[in-house]
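Computed from a predicted model, the values in this text were never measured in an experiment. Excluded from the calculations below are hydrogen atoms, water molecules and symmetry mates; all remaining heavy atoms, backbone and side chain alike, are included. Note on naming: letters A, B, ... go to the chains in the order of the sequence lines (proteins, then strands), and numbering restarts at 1 for each one.
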2 protein chains.
Amino acid sequence: MDDRHGQAAGNYEAILREAGVRITRPRRTILAILADGEDHPGALEIFRRAAEIDPAISLSTVYRTMKLLEEKGAIQRHVFEGGPSRFEQAAGRHHDHLIDVETGDVVEFRSDRIERLQEEIARELGYELVSHRLELYARRRKPD
Amino acid sequence: MDDRHGQAAGNYEAILREAGVRITRPRRTILAILADGEDHPGALEIFRRAAEIDPAISLSTVYRTMKLLEEKGAIQRHVFEGGPSRFEQAAGRHHDHLIDVETGDVVEFRSDRIERLQEEIARELGYELVSHRLELYARRRKPD
DNA sequence: CTAGCTGCAAAATATTTGCACGAAT
DNA sequence: ATTCGTGCAAATATTTTGCAGCTAG
């Protein structure tokens, strides 16, 4: 079965444990939310969802945990046009994002051709590619 | 001759005048800086350069002017990873950016192939492309 | 036990805005 | 003259941090 998410929750804990980091109550709560989410929530949204489970949790802890997870490579941070940071599980292979400009929804996609072209361009300019960011801002096509 | 910049300064004024906007001292100062710059300065950097010419200028005015110019389509705003907004003249044809992760320098490039692929991907996903953002974060290749 | 976490409040960063005065048309 | 723009200070939004108490290992 494709229990990508339930699996990922355990995976997060494993990653943190291995890094010698304590598994605390707030962290477990946040991890569960990340593992559950099909979307790309921001810090505040994660905080809201976490507060429902454990009202004692603080926004600072959400931010601290996100930073920690990002450093450990467990999640990825995205900053789409004019908005706050939003997060997603790092599990799965690399992909880029299409953002629905009307709803804010995010669609993931991947193009090996574009990936290759990027490497090529960087090389041509005398650089070594470290990372990249490709975002398509688009509007759902109406069948006219 | 390729007096892209001197020309652009006048161009800015024309754009603003046409929009029924007053050409004031601070605006003229900021416009001159934009027209001059070969780089992608942020609001604070523009403010610093402007203050050298006219110490009375305020940071608010820089922000207000940038917003105005952006609305009029005279400049483009970029928000690169983890930094404040940076601006560039909208003149010239579309291009993407490679950011030197060590120095923050920006190299402009353009790839018709990538442009086409993006259109294609959006269409395949059932969307109509509105705009996009492609940034390559890279490090200068050392000749080993 | 005790180093690492947490919540809270305050700071930091980037940007926007209300207001009374001054300048452009 | 009148409207629009400015500087200043205060407000906003997002994220980070100092600190004293709490807790996981």
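The side chain of B:V21 approaches D:dG5 more closely than any other nucleotide in the set D:dG5, C:dG7, D:dT16. Of the candidate nucleotides D:dG25, C:dG7, D:dG7, C:dG7 has the atom nearest to the side chain of A:P26. Out of D:dT16, D:dT6, C:dG7, the shortest distance to the side chain of B:T24 is found at D:dT6. Distances were taken from every side-chain heavy atom of B:R22 (C-beta onward) to each of C:dA23, C:dT16, D:dT23; the shortest belongs to C:dA23. The side chain of A:R27 lies closest to C:dT6, out of C:dT6, D:dG25, C:dA14. Picking from C:dA14, C:dC5, C:dA23 the nucleotide with the shortest atom distance to the side chain of B:P84 gives C:dA14. Side-chain proximity of A:A43 to the nucleotides D:dT17, C:dG7, D:dT15 is greatest for D:dT15. Of the listed nucleotides (D:dG25, D:dT6, C:dT17), D:dT6 has the atom at the smallest distance from the side chain of B:T61.
Ion pairing between a basic and an acidic side chain is recognised when a charged N comes within 4.0 Å of a carboxylate O; B:D39 and B:R49 show such pairing. A salt bridge is defined here as a Lys NZ or Arg NE, NH1 or NH2 lying under 4.0 Å from an Asp or Glu carboxylate O, and B:K142 with A:E128 fails to meet this definition. We find that B:R113 and A:E120 are joined by a salt bridge, their nearest charged nitrogen and carboxylate oxygen being less than 4.0 Å apart.
Look at CG on B:D54: it is 17 Å from P on D:dG5, rounded to the nearest Å. The interatomic distance linking A:R77 (CZ) with D:dT14 (C1') rounds to 11 Å, in whole Å. Taking atom CD of residue A:E81 and atom P of nucleotide C:dT15, one finds them 14 Å apart after rounding to whole Å. Going from atom NZ of B:K67 over to atom C1' of D:dC4 covers 17 Å, rounded to whole Å. A straight line from CZ of A:F47 to P of D:dA13 spans 16 Å, rounded to a whole angstrom. Nucleotide D:dT15 holds its P atom 10 Å from the CD1 atom of A:I46, rounded to whole Å. The OH-P distance, from A:Y63 to C:dG7, rounds to 15 Å in whole Å. A:I23 has its CD1 atom 10 Å from the P atom of C:dT6, to the nearest Å.
For the residue pair A:H95 / A:E88, a side-chain donor-acceptor distance below 3.5 Å is found, with atom types taken as modelled.
Using a 4.0 Å heavy-atom distance criterion, A:L44 is classed as making no nucleic acid contact.
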List the steps and the verdict of side chain to side chain contact (heavy atoms under 4.5 Å, CB included) for B:L134 and A:R133.
CA-CA 6 Å; B:L134 171 57; A:R133 174 154 83 165; over 6 Å; no
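Judged by distance alone with a 3.5 Å cut-off, no donor-acceptor contact links the side chain of A:R64 to the base of C:dG4.
Looking at which nucleotide of DNA chain C each of B:R28 and B:S60 is closest to, the 5′-most match is held by B:S60. Between B:G20 and A:R17, the residue anchored closer to the 5' end of DNA chain D is B:G20, taking for each the nucleotide with the nearest heavy atom.
Relative ring orientation between A:F80 and A:Y137 is described as perpendicular, the plane-to-plane angle rising above 60° on a 0-90° scale split at 30° and 60°.
The ring of B:H97 has its center no closer than 6.0 angstrom to the ring center of B:F109.
Recorded end-axis angle for the helix from C:dC1-D:dG25 to C:dT25-D:dA1 stands at 30°, based on five pairs per end and rounded to 10 degrees.
Each of A:Q76, A:H132, A:R110 was scored for a side-chain hydrogen bond (donor to acceptor under 3.5 Å, both in side chains) with A:H94, with one residue passing: A:H132.
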